[in-house]
Amino acid sequence: MSETSNTVEFELVSPEKLLISEAVEMVVVPGAEGDFGVLPGHSLLISTVRPGVINIHEGGAIKNSIFVAGGFAEVSPERCTVLAEEAIPVADITINGAEKRLESARAAIADLAEDAEDLSRVHAEKELKAAEAMMVAAKSD
Amino acid sequence: MANLKDLKVRITSVRSTQKITSAMKMVAAAKLRKAQENAEAARPYAERMERMVASVGASVEGIDGAPAMLAGTGKEDTHLIVVCTSDRGLCGGFNGSIMRQTRKMIIELRGQGRTVKLLCVGGKGRDGMKREFSTDIIGTIEGIGRRGVEYSEGRDVAEKITSLFEAGEFDVCTIVFNRFQSAMTQIPTTQQLIPFAPEEPEDGAAEAAGAKISNNESGPSPVFIFEPEEQEILADLLPLNVAVQVFQALLESAASEHGARMTAMDNATRNAGDMIEKLTLIYNRTRQAAITTELVEIVSGAEAL
């Protein structure tokens, strides 16, 4: 676990599998209350993650970007663990794909009956937010 | 003495059964490998989730108004048991062992004067429990894992549990499922979902990790910064944790099902082979006896002339 002291162990885990586990110089996570960067020696932190893009930095430049559709992050001085419900490398997102998802998310919200269950409404809204964030990610790429 | 035609028909029928069981064995073996991979791949998430819930939970421990999902409702009157079985049979003792475990649990809980409710995952569980506990079954979920268990399926089951909990339908929720050990052995396991109770070894590991982090701090437990507040994080984290634990249980159960089916079908194929051998022997003997009888008749007929 203890690599050189100027890297932090970054883990990205989805329910299906462990996606990334590597030592990085810095990682920027889209927290619920604003993005935060994690460098070695970060204070203990637990935060919710909003739909957005995680950037892995190396040598002052972004090495890798991954889109996540929300989740949780746990940070300790030597480790940063992100539990994501869904994670896709930004390079794999196409504007077309994001558009389709956005459209279907909007349609799903429009289709909801007035008296729809809270649960399905929460789902639909969550999906819409994720799709919007995906769109932003696709455009920025 | 059985007649030749009947024997021939029986041999053919056993042979075609053997073809089916051996095909099912192959299919189960292929599915087992996939299911096992999935179950193993999902373990890190469940482990880290549990660790996180434990650390957030530790920091709100003892505070008034801790979420009921963490601290419990303050009573233990009604138990919900989630029974994980398969939709299809022909998998040996897979469903039977789960139902035996559940029945034992129900009787024990009733002995303590508690109410028991059942949520059946998988059609076989419902069919099996219906006979004895039909009034206690409050729901059945079928069709999970047709093409590999997906996270969304686990989440759907968990949401059903969560909404029942929020409606005050039960106080304690336990899931009963087969933990996959090998294709030969599956261990019926009970795990408490609500209120949150970390598994014993996991707990130890979490504490060890915590102790390591807090080495250079004065407090006994690590002090986390929370963004947003603990309560808000918990409100999101706890239902998600239930979903993850259910998902994990479903994956284990799916792997166990395929393992159990593979073993059962392997046995069936072997038994069919033994049976064919025996029947063929009888068939050959009967035929030979018939030929001998005919020869004796001819010979004695010729001698009589």
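Here is the naming used below: chain letters follow the sequence lines, and residue numbers restart at 1 for every chain.
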Checklist line | Proximal to chain B - members of residues 12-20 of chain A, heavy-atom separation under 4.5 Å | finding: A:V13, A:S14, A:P15, A:E16, A:K17, A:L18
Margin query: Quick one about B:D236 and A:T48 (side-chain donor to acceptor, distance below 3.5 Å, no hydrogens or angles considered), yes or no?
Written below: no
Notebook entry, point to check: Judged by atom type as modelled, is there a donor-acceptor pair below 3.5 Å linking the side chain of B:D87 to the main-chain atoms of B:G123?
Noted result: yes
Notebook entry, point to check: Which residue pairs pass the ring pair (Phe, Tyr, Trp, His ring centres under 6.0 Å) test with at least one member in residues 138-170 of chain B, sequence neighbours excluded?
Noted result: B:Y151-B:F247, B:F165-B:F170
Margin query: If the condition is side-chain hydrogen bond (donor to acceptor under 3.5 Å, both in side chains), which residues does B:T185 pass it with, not counting sequence neighbours?
Written below: B:S182
Check: Ion pair present between A:K126 and A:E85, side-chain N to carboxylate O less than 4.0 angstrom?
Finding: yes
Notebook entry, point to check: Non-hydrogen atoms of chain A under 4.5 Å away: do they reach the side chain of B:R43, the backbone, both or neither?
Noted result: neither
Notebook entry, point to check: Between B:N38 and chain A, which part of the residue has a heavy atom less than 4.5 Å away: side chain, backbone, both or neither?
Noted result: backbone
Checklist line | For A:E25, side-chain hydrogen bond (donor to acceptor under 3.5 Å, both in side chains) partners two or more places apart | finding: none
Notebook entry, point to check: Got a salt bridge between A:R106 and A:E99, using NZ or NE/NH1/NH2 to carboxylate O under 4.0 Å?
Noted result: no
Next item on the list: Name the member of B:R155, B:E232, B:E150 that forms the most heavy-atom pairs with chain A at distances under 4.5 Å.
Entry: B:R155
Check: Which answer fits B:L237, side chain, backbone, both or neither, if we ask what part of it has an atom under 4.5 Å from a heavy atom of chain A?
Finding: both
Next item on the list: Give a yes or no on this: more than 12 heavy atoms of other residues, nucleotides or ligands lie within 6.0 Å of atom CD of A:E33.
Entry: yes
